[in-house]
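Down below is the structure, laid out as structure tokens.
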Number of protein chains: 2
Amino acid sequence: MTPESQEITTKERLLEAGLGMLLKHGYSDLGIQALLSETGIPKGSFYHHFSSKQDFALQVVDRYMQEVHQGLDMSLGNHALPPLERVRLFFELSREKYRREGYLGCLLGGLGQELSGVSETFRHKIEGCFNLIAERITDCLEEAHQRGELAADQEPRQLADLLLDCWEGAALRSRLRRDPGPLGAMLDFYFAVAAR
Amino acid sequence: MTPESQEITTKERLLEAGLGMLLKHGYSDLGIQALLSETGIPKGSFYHHFSSKQDFALQVVDRYMQEVHQGLDMSLGNHALPPLERVRLFFELSREKYRREGYLGCLLGGLGQELSGVSETFRHKIEGCFNLIAERITDCLEEAHQRGELAADQEPRQLADLLLDCWEGAALRSRLRRDPGPLGAMLDFYFAVAAR
DNA sequence: AGTTGGGAATAGACCGGTCGGTCTAGAGGA
DNA sequence: TCCTCTAGACCGACCGGTCTATTCCCAACT
């Protein structure tokens, strides 16, 4: 396989399909066999590339985080916008992504809820992901604070965590209702308060 | 079994144990066998009282909702307090309950995330539960609005949904971190804004 | 250039264990 | 007697994971 080849590798196809299936089914309800039937990939290939179902799911989370970081780069990195609007843009992008996927919510929230009672590995993994996202948002809120564009008197880090937590809650409700309403309502409320 | 008997019935014991185990393990990871081992109840009894695992879980949710309604009665029904404080009291009670259970979050949020992609039955069931809770909170916010104690200009129903959604998000984060921080931060933020 | 050696990847039959659920038998009380 | 409930052996299906065989591709060697 030459590096410049456009061919999609077996491993990538598995991660790609796994992303969608984990988002819909969650971890326990996703069978390896179902994944293989959907992709037409034999079991030998799966266990060649991944040591176990858990290893696979953890790598799917990594892949999901790549997408998240791309979204963060696109929004928070847009220095033409004031910092608070950059933060909001990130969540607007996420909402648009949820729409494309049929309002199934956020993979981190889904796996976090399902597995954090049962697997310390996943609990720490997911919490680590949330931490990374919150850190990047914090940086942006920090900038807003320095420019005097932040109304609230709380620490940027706490405001970032709060925003992320509430977003996940709205994403759950959006998943239950299969509509974007809760996401928009949450964003409107938060930014109306946060903006000076 | 006489009605006035204080004896705990087999069915009640199953529902009670199921509540705790579903909260920790979720639906798919909870095995009937594990439930029976924990309670010492034979399988025949289980399937005498419940037609299936799904039927069982749905009844566990009903039982959970009984507790929620008790909490709502205790807090929202306390007319010595102004309505907004009654609403806050409900969530303070919930936070205390979560603490007792080891910060495993909310059963509705957990099952909602896990199953709403896979089972329309559960999706509608859980969304129905959230609706009921939101309605009761709405009534209380309505009263606050009429007394001019509500700062926000939004509809009480939307404020109630927002509060509930954000709470569920904070509960997920609390489950991941095994601490109450996110719950308190979310309440402080919301009520600082909502109160006039 | 042609041959070949060997690791990477594919292929799927197969495995023990566990799953939710059924069935028959018996215990207990009214 | 009769019905509710307990009791647990048993069932087929499916689970995640293993194993061996085969194919593929490219590098190394003559």
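Please read these numbers as outputs of a predicted model, since none were measured by experiment. Reckoned from all heavy atoms, side chains included, excluding hydrogens, waters and symmetry mates. Lettering follows sequence order; numbering is per chain, from 1.
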D/dT6 phosphate, OP1 or OP2, under 4.0 Å from B/T10 side-chain N/O: yes

Rounded distance (Å) that lies between atom P of D/dT4 and atom CZ of B/F46: 20 Å

Touch class at under 4.0 angstrom, heavy-atom based, for A/G31 against every strand present: sugar-phosphate

Within 45° cone of B/F46 ring axis and under 6.0 Å: B/K53 NZ or CZ: no

Protein-nucleotide distance (A/M21, atom CE; D/dG16, atom C1'), rounded to Å: 15 Å

Gap between atoms NE2 and P, on A/H25 and D/dC15 respectively (whole Å): 12 Å

Under 3.5 Å donor-acceptor, A/H48 side chain and A/G44 backbone: no

Touch class at under 4.0 angstrom, heavy-atom based, for A/L35 against every strand present: nothing

Residue-phosphate contact under 4.0 Å: B/H49 side-chain N/O, D/dT6 OP1/OP2: yes

B/D29 side chain reached by A/Y27 side chain, heavy atoms, under 4.5 Å: no

Distance-only donor-acceptor test (3.5 Å): side chain A/K43, base D/dG17: yes

Position toward the 5' end of DNA chain D (nearest nucleotide), A/G44 or A/S28: A/S28

Between P of D/dC15 and CZ of A/F56, the distance in whole Å: 15 Å

Separation of atom CD1 in A/I32 from atom C1' in C/dC15, rounded to whole Å: 16 Å

d(CG, A/L30; P, D/dC14) in whole Å: 16 Å

Rounded distance in Å - NZ (A/K53) to P (D/dG16): 4 Å

Between B/S116 and A/R175, a side-chain donor and acceptor under 3.5 Å: yes

Within-4.5 Å side-chain heavy-atom neighbours: B/M21 and B/E38: yes

OP1 or OP2 of D/dT6 under 4.0 Å from side-chain N/O of B/H48: no

Touch class at under 4.0 angstrom, heavy-atom based, for B/L36 against every strand present: nothing

Rounded interatomic separation in angstrom, taking CD from B/Q33 and P from D/dA7: 14 Å

Out of C/dA9, C/dG21, D/dA7, whichever nucleotide has its closest atom nearest the side chain of B/S52: C/dG21

